[in-house]
Amino acid sequence: MSNIVFSSVSESPEVQGIVAQWLWSFWGNTRNYEFYRSLVAHCKADDIPMMYVAYHDGMPVGTVALLRADLFSRQDLFPWMADLYVLPEYRSKGIGSALQDFVLKKAKELGYGTIYLYTPLTGYYEKKGWEYMGNEMERDGEIVRIYKKKIV
Ligand SMILES: CC(C)(COP(=O)(O)OP(=O)(O)OC[C@H]1O[C@@H](n2cnc3c(N)ncnc32)[C@H](O)[C@@H]1OP(=O)(O)O)[C@@H](O)C(=O)NCCC(=O)NCCS
């Protein structure tokens with residue numbers, strides 16, 4: 001999809017509540033909106049933690065983050081791409097791919113050669129060029145898949 005522009009949440013305070021709401025409604029529970037509000041509010045423009053919003057015709061349609069730590073048992077790996085989210089009505093138009101490309105570019109600018117993610121999804125990240133590394137366990141016992149991508 002053309003007409004997509006990216007901007008840091010730290011430069012647009014007015015979008016922070018929208019992004020926190022997206023993340024909370026997809027991954028959160030009744031008790032932890034404040035976790036997502038604080039995560040978004042503490043992102044920076046030029047160093048990790050970073051979070052970006054994709055805008056289509058000026059409307060926020062998706063987000064992605066670059067974090068120091070995401071999967072708690074693998075503190076040896078960093079940075080992490082996290083919180084990839086696209087509004088349901090804008091999916092399958094390449095916005096998820098564009099957000100990944102954008103965050104990889106940011107990681108490269110910061111000097112990183114490899115980026116990591118973890119996910120319960122099977123099939124999606126393989127299509128986007130990520131290499132499956134194996135399974136890991138989250139703090140709550142959920143089994144997740146970890147992936148890496150070399151930044152070229
Ligand atoms: C995953 C997500 C970010 C993809 O965003 P998107 O903008 O639709 O991504 P793209 O347009 O780049 O890619 C879409 C392709 O991926 C495929 N895809 C999407 N979700 C998938 C999944 N769970 N498993 C396998 N393939 C998937 C689509 O079928 C589509 O393929 P197609 O182009 O052949 O139709 C979006 O579905 C989303 O926000 N999901 C909810 C949040 C989430 O699960 N985030 C990832 C957490 S690790």
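Each ligand, and each atom within it, is numbered from 1 in the order the structure gives.
Counting heavy atoms from C-beta on, the side chains of C43 and M50 never come closer than 4.5 Å.
When non-hydrogen atoms are compared, ligand 1 lies under 4.0 Å from the side chain of W27 (C-beta onward) but not from its backbone. Only the side chain of Y125 comes within 4.0 Å of ligand 1, judged by heavy-atom distances. Residue contacts with ligand 1, taken as heavy atom pairs separated by less than 4.0 Å, involve K127 solely via side-chain atoms from C-beta onward. Proximity of L121 to ligand 1, defined as any heavy-atom pair under 4.0 Å, is confined to the side chain (atoms from C-beta onward). If you look at L117 next to ligand 1, there are no close heavy atoms at all, none under 4.0 Å.
Donor-acceptor pairing under 3.5 Å is recorded for the side chains of Y147 and E126. In summary, the side chains of S97 and K128 do present a donor paired with an acceptor at a separation below 3.5 Å, with no hydrogens or angles considered. Side-chain atoms of Y118 and E138 include a donor-acceptor pair closer than 3.5 Å.
Distances from atom 32 (P) of ligand 1 to the protein include no heavy-atom value under 4.0 Å.
Taking distance alone, with nitrogen or oxygen atoms compared against 3.5 Å, G123 stays at or beyond that limit from ligand 1. For a threshold of 3.5 Å applied to N or O pairs, the pair formed by P120 and ligand 1 contains no separation below that value. Backbone and side-chain nitrogen or oxygen atoms of F26 are examined, and none is located within less than 3.5 angstrom of a nitrogen or oxygen of ligand 1. Taking only nitrogen or oxygen atoms, main chain and side chain alike, Y90 does not reach within less than 3.5 Å of ligand 1.
Atom CZ of F78 has 12 or fewer neighbouring heavy atoms from other residues, nucleotides or ligands inside a 6.0 Å radius. Heavy-atom contacts from other residues, nucleotides or ligands closer than 6.0 Å to NZ of K44 number more than 12.
Side-chain N or O atoms of Q16 include one that pairs as donor or acceptor with a backbone N or O of V9 at under 3.5 Å. No donor-acceptor pair closer than 3.5 Å links the side chain of T63 to the backbone N or O of Y85. The backbone N or O of W22 lies less than 3.5 Å from a partner atom in the side chain of S25, making a donor-acceptor pair. Proximity of a side-chain donor or acceptor of N29 to a complementary backbone N or O of N32 within less than 3.5 Å is detected.
In this structure, R145 forms a cation-pi arrangement with Y132, its terminal cationic atom sitting closer than 6.0 Å to the ring centre and no more than 45° off the ring axis.
Annotation for ligand 1: atoms under 4.0 Å from non-hydrogen atoms of K128 are 10 (P), 12 (O), 13 (O). Each of the following atoms of ligand 1 lies closer than 4.0 Å to a heavy atom of T119: 48 (S). Against a heavy-atom cut-off of under 4.0 Å, S97 is close to the following atoms of ligand 1: 12 (O). Close approach of ligand 1 to K93 is summarised as follows: ligand atoms under 4.0 Å from at least one heavy atom of the residue are 11 (O). Of all the atoms in ligand 1, the ones that sit under 4.0 Å from a non-hydrogen atom of T122 are 24 (N), 25 (C).
For atom 7 (O) of ligand 1, the nearest protein heavy atom (residue, atom name, distance) is G96 N, 2.8 Å. Looking at atom 37 (O) of ligand 1, its nearest protein heavy atom turns out to be R91 CD, 3.3 Å. For atom 45 (N) of ligand 1, the nearest non-hydrogen atom of the protein is L84 O, 2.8 Å. The single protein non-hydrogen atom nearest to atom 11 (O) of ligand 1 is G94 N, 2.7 Å, given as residue, atom name and distance. The single protein non-hydrogen atom nearest to atom 4 (C) of ligand 1 is Y124 OH, 3.4 Å, given as residue, atom name and distance.
Ring geometry, F102 versus F6: the interplanar angle falls under 30°, so the pair is classed parallel (tilted spans 30 to 60°).
Of the candidates S92, A82, P88, A54, it is S92 that places a heavy atom closest to atom 14 (C) of ligand 1.
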